[in-house]
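Below is one structure; the comments refer to it alone.
Note that the structure is a prediction, hence the values are computed from the model and not measured.
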Amino acid sequence: MKGLVLLLNFSLPLKDPIPIFSLVLFIILLAPIILRKFRIPSIIGLILAGMAIGDHGFKIIEKGSIDLFGKAGLLYIMFLAGLELDMAEFRKNRHRSLVFGAFTFFIPLLLGYVLCFYVLNFSLMATLLISSMFATHTLVAYPLASRLGINKNEAVTVAVGGTIITDTAVLLILAIITGAEAGNLDTAFWLKLGISLAVFTVIVMWGFPAIGRWFFKKIKDDKTSHFIFVLALVFLAAFLAELAGVEGIIGAFLAGLALNQLIPHTSPLMNRIEFVGNALFIPFFLISVGMIVDLKVLLKGPDALIIAGALTAMALLSKWLAAFFTQLVFGYTPTERNVIFGLSSAHAAATIAVVLIGFNMGIINENVLNGTIVLILVTCMVSSFVTENAGRRLAIREAGKKPETDGGPERFLIPIAHPEKMEGLLDFALMVRNPAGDAPVYPLVVVQDDAEAREKIFLSNKMMEKAVIHAAASESKLQVVTRVDLNVTDGISRSVKELLISDVVLGWSDKNSATDRIFGNIFGTTTDNILQSVWETVYVCQFHHPINTSKRLVLVLPRNAEYEMGFAHWMDKVVRLAKQAGARIVLYSTRRTQTAVQQYLNAARSSVEISLKSLENMEDFLVLARNISRDDLLVIVSARKGTLSYQPYLEGIPGRIGRHFKDNNVILLYPEQRTTENNEPGMQDQDITLQPIQEQLRNISRIGKAVKRIFKSGERKIEEE
């Protein structure tokens with residue numbers, strides 16, 4: 001009966017939040033699916049849907065009903081743009097972003113001034129306001145670039161960096177214009193604006209990372225709290241920006257930059273942030289943009305049509321010229337130029353803010369407001385089409401540039417002995433593996449072959465469910481392996497061979513025998529046996545807190561490390577780890593090794609930030625303790641016996657780490673080898689097929705000598721008796 005009453009009282013626009021939310025969700029679901037058949041970007045579908053259901057369409061939903069989600073979606077776009085930015089690449093290209101930011105600000109501003117003041121005969125204030133509107137742009141098409149996987153391309157990085165520059169400048173001009181109209185443009189106004197912006201920047205760019213690092217260390221396992229914490233900081237930054245006198249989108253973008261180094265791109269948290277934004281907040285924003293558009297303004301006489309056409313043409317032309325001059329200066333290809341133009345040509349959020357403020361203050365009239373609405377529709381459509389087409393070509397070109405790997409696909413094996421260490425080891429493997437690889441990560445449980453093997457297998461499978469859930473949160477492939485073998489070492493060694501493993505990730509052993517403690521070997525027998533039987537790259541990891549809270553990655557290399565056959569492989573992993581953790585590399589090694597590392601980085605065109613420190617002798621290793629803080633990640637490259645970079649001092653490194661760096665995250669890395677421990681340095685090229693026979697002969701010789709000593713001892717006792 002209640003449902004019938006509700007049906008009889010049904011009226012438009014909808015007031016009840018339940019049908020409103022239901023309708024918007026169906027639009028988000030169906031609009032992209034339908035328009036995909038006509039090769040129309042999904043962004044356009046959502047904008048057109050907003051036009052249809054809004055106040056200027058069929059009046060199904062009032063714009064105020066979804067304003068909250070729409071505003072959140074805009075902040076989310078700017079936050080993701082800052083969060084997904086490759087900071088190392090951004091620092092490398094910051095001068096290019098500044099140049100593009102100058103072009104995309106001054107060219108539209110100057111051309112807009114000429115159009116508005118000399119052609120359309122607007123007043124000075126109206127001319128300044130509309131000219132600044134031409135300069136601003138909104139990253140409406142950024143989700144397209146992210147979906148195509150080009151968000152780390154230099155062209156995209158430059159476009160995003162230019163966005164924050166031009167939008168900040170435009171919104172500062174807006175604050176100045178409103179101050180001038182109100183008659184408050186005095187010394188106090190400038191002092192207040194300067195001080196508030198400085199305080200706001202310090203709080204977000206220095207305060208947020210410190211708070212975030214503390215939070216992630218204290219709250220390690222509550223993934224829901226991590227997401228809510230990040231979301232709260234985004235909206236707090238937007239609120240602080242408005243208090244400082246600029247738009248909230250500036251605060252959201254700076255929050256993304258501030259948290260960039262604390263949220264690895266391969267982490268489950270990053271996956272949750274992107275999923276919620278792309279599935280909910282950003283579509284709401286695009287629908288709200290469509291609800292602003294009123295096509296009926298074109299029927300209100302020739303003045304509206306002329307102004308709409310002139311404003312739209314100038315907006316597109318000035319942004320294209322900015323991209324064109326950027327292409328000329330830096331030698332970009334036409335495809336990269338079109339990507340920059342596509343990302344920077346859409347006018348939506350900041351444009352609406354500028355025009356509405358001007359309209360409410362009486363600076364501009366209704367014709368300009370209506371013309372701006374048409375400008376928003378056309379530029380958003382052009383931005384989406386251009387970014388989609390150019391982005392696809394750029395993605396194909398980038399895919400063709402990826403180097404071929406000589407050693408086959410990367411395959412990571414993670415033997416699990418302690419469930420509490422599993423997530424840390426899994427996160428590390430997901431950070432350093434090649435994201436383009438198709439091979440899954442292999443968590444391994446080795447069960448000893450005895451009477452309790454069946455029960456142990458059941459318990460290990462239950463333990464591995466947690467690993468599967470953790471990997472699923474980051475959309476990573478995982479294949480659990482359970483093996484029954486005589487001992488753990490044999491089980492790991494055979495799994496490495498059968499699965500064609502390239503990298504083995506081990507947890508640091510906490511259980512030491514008395515002998516181990518006396519001789520400084522904190523690994524224990526199992527780890528030593530694994531290192532002697534597995535010749536692939538091995539990482540022995542000790543993680544006390546999340547890797548993403550690391551400020552620096554301190555890399556320590558022994559002499560001749562660059563001559564080992566696994567040098568390029570583990571260098572690639574270290575660089576990728578530094579970029580994922582947002583940490584700069586501090587390299588301690590000999591000068592010759594430093595030169596080899598720099599040559600590798602140049603050849604790989606890596607933008608990672610690195611500083612060099614001299615360490616000519618590994619026996620000076622403990623000197624590092626003075627310069628290493630608790631927030632540093634210590635990566636030490638060791639060596640197996642008989643290799644070029646092996647030194648006797650390396651045998652005691654694990655014990656020294658346990659004593660002097662017990663609060664640090666530590667990774668002890670053993671490069672890939674193809675020799676046995678008894679070979680002499682420099683003899684790696686001998687025929688490895690003879691090694692098992694030679695080893696057996698040596699063992700037989702040792703046994704014979706031991707037996708001979710026993711017999712001699714027995715003879716002496718008999719003679720004494």
Side-chain angles (χ1 to χ4, degrees), residues 407 410-415 421 424-425 427-434 492 496 501-509 521-523 527-528 530-543 547 550 552-581 583 585-590 593-594 596-597 600-601 608 610 615 618 621 624 628 632-647 649-658 661 664-675 677:
E410 293 179 357
R411 297 172 182 266
F412 278 77
L413 183 73
I414 309 178
K421 296 181 179 180
L425 299 179
D427 285 339
F428 166 72
L430 295 177
M431 280 185 180
V432 300
R433 70 190 289 264
N434 187 351
I492 294 174
V496 167
I501 296 300
S502 63
D503 300 80
V504 179
V505 181
L506 301 175
W508 203 281
S509 176
N521 180 9
I522 66 168
F523 280 169
T527 306
D528 283 337
I530 293 170
L531 291 171
Q532 292 170 13
S533 60
V534 174
W535 299 100
E536 282 67 27
T537 307
V538 176
Y539 313 83
V540 186
C541 305
Q542 174 179 262
F543 298 135
I547 302 176
S550 305
R552 302 187 305 168
L553 189 156
V554 180
L555 177 61
V556 183
L557 305 185
R559 186 184 302 273
N560 298 329
E562 67 273 23
Y563 296 120
E564 302 290 2
M565 64 176 297
F567 174 73
H569 180 76
W570 62 255
M571 270 301 303
D572 175 68
K573 298 293 169 282
V574 169
V575 170
R576 187 172 286 125
L577 176 62
K579 295 183 77 169
Q580 288 285 345
I585 297 177
V586 180
L587 171 62
Y588 285 87
S589 69
T590 63
T593 303
Q594 290 173 0
V597 170
Y600 168 83
L601 295 176
V608 68
I610 185 168
L615 184 70
M618 281 298 289
F621 171 73
L624 274 63
I628 292 180
D632 291 337
L633 169 60
L634 185 60
V635 179
I636 304 165
V637 177
S638 188
R640 298 172 176 88
K641 287 183 180 179
T643 58
L644 279 170
S645 57
Y646 174 75
Q647 302 171 30
Y649 188 80
L650 293 174
E651 292 292 321
I653 289 289
R656 294 179 178 91
I657 291 173
F661 304 98
N664 284 89
N665 285 347
V666 180
I667 299 171
L668 196 56
L669 192 154
Y670 290 83
E672 175 187 5
Q673 296 293 343
R674 286 292 178 268
T675 62
E677 63 170 313

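- Nearest heavy atom pair, residue Ser550 against residue Ala583, reads O-CB, 3.9 Å.
- When all heavy atoms of Ala429 and Phe412 are compared, the closest pair comes out as CB-CD2, 4.1 Å.
- With 3.5 Å as the limit, one finds no donor-acceptor pair spanning the side chains of Glu672 and Thr537.
- Going from atom CH2 of Trp570 over to atom CG of Leu577 covers 12.5 Å, rounded to the nearest 0.5 Å.
- Looking only at side-chain heavy atoms (C-beta outward), Val597 and Met571 come within less than 4.5 Å of each other.
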### Task
Show your working on side-chain contact (heavy atoms from CB on, under 4.5 Å) between Glu536 and Tyr670 and close with a plain yes or no.
CA-CA 8 Å; Glu536 282 67 27; Tyr670 290 83; over 6 Å; no
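- Looking at heavy atoms from C-beta onward, Glu651 lies in side-chain contact with Lys641 at the 4.5 angstrom threshold.
- Looking at Gln594, its side chain does come within 3.5 Å of a backbone N or O of Ser589 through a donor-acceptor pair.
- The two residues Gln542 and Asn664 come nearest to each other via the heavy atoms NE2-O, 3.6 Å.
- No side-chain heavy atom of Ile653 sits under 4.5 Å from any side-chain heavy atom of Ser638.
- The residue from Leu668, Ile628, Ile667 that alone fulfils the side-chain contact (heavy atoms from CB on, under 4.5 Å) condition with Leu634 is Ile628.
- None of Val556, Asp632, Val586, Ile636 except one satisfies the side-chain contact (heavy atoms from CB on, under 4.5 Å) rule with Leu624; the exception is Val556.
- The nearest pair of heavy atoms linking Trp535 to Arg640 is CZ3-CD, 3.2 Å.
- Two residues are said to be in side-chain contact when any heavy atoms from C-beta on lie closer than 4.5 Å; Tyr588 and Leu555 fail this criterion.
- Side chain to side chain, Tyr646 and Gln673 fail the donor-acceptor criterion of an N or O pair below 3.5 Å.
- With a 4.5 Å cut-off on side-chain heavy atoms, Phe543 and Trp508 do not count as touching.
- At distances below 3.5 Å, at least one donor-acceptor pair connects side-chain atoms of Glu564 with backbone N or O atoms of Leu644.
- The SG atom of Cys541 lies 9.0 Å from the CD1 atom of Ile414; values are rounded to the nearest 0.5 Å.
- Here the side chains of Arg552 and Leu633 are not in contact, with every heavy-atom distance at 4.5 Å or above.
- One distance of note links CG of Asn560 with CD of Glu562; it measures 6.0 Å at 0.5 Å rounding.
- Between Val554 and Val635 there is no side-chain heavy-atom pair separated by less than 4.5 Å.
- The line from OG1 of Thr590 to CG of Leu557 is 8.0 Å long, rounded to the nearest 0.5 Å.
- Ser502 and Glu410 form no side-chain donor-acceptor contact under 3.5 Å, judged by distance and modelled atom types alone.
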### Query
Yes or no on side-chain contact (heavy atoms from CB on, under 4.5 Å) for Leu506 and Val538, after CA distance, side-chain angles and deciding distance?
CA-CA 7 Å; Leu506 301 175; Val538 176; 3.8 Å; yes
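- Scanning for side chain to side chain donor-acceptor pair (under 3.5 Å) contacts around Arg559 gives an empty result, with sequence neighbours left out.
- To the nearest 0.5 angstrom, Gln580 atom CD is 10.0 Å from Ile547 atom CD1.
- Pairing each heavy atom of Gly507 with each of Val540, the nearest pair is O-CG1, 4.3 Å.
- Shown here for Asp503 and Lys573, the closest heavy-atom pair between the two residues is OD2-CE, 4.4 Å.
- Within the 4.5 Å cutoff, no side-chain heavy atoms of Leu425 are placed close to those of Tyr539.
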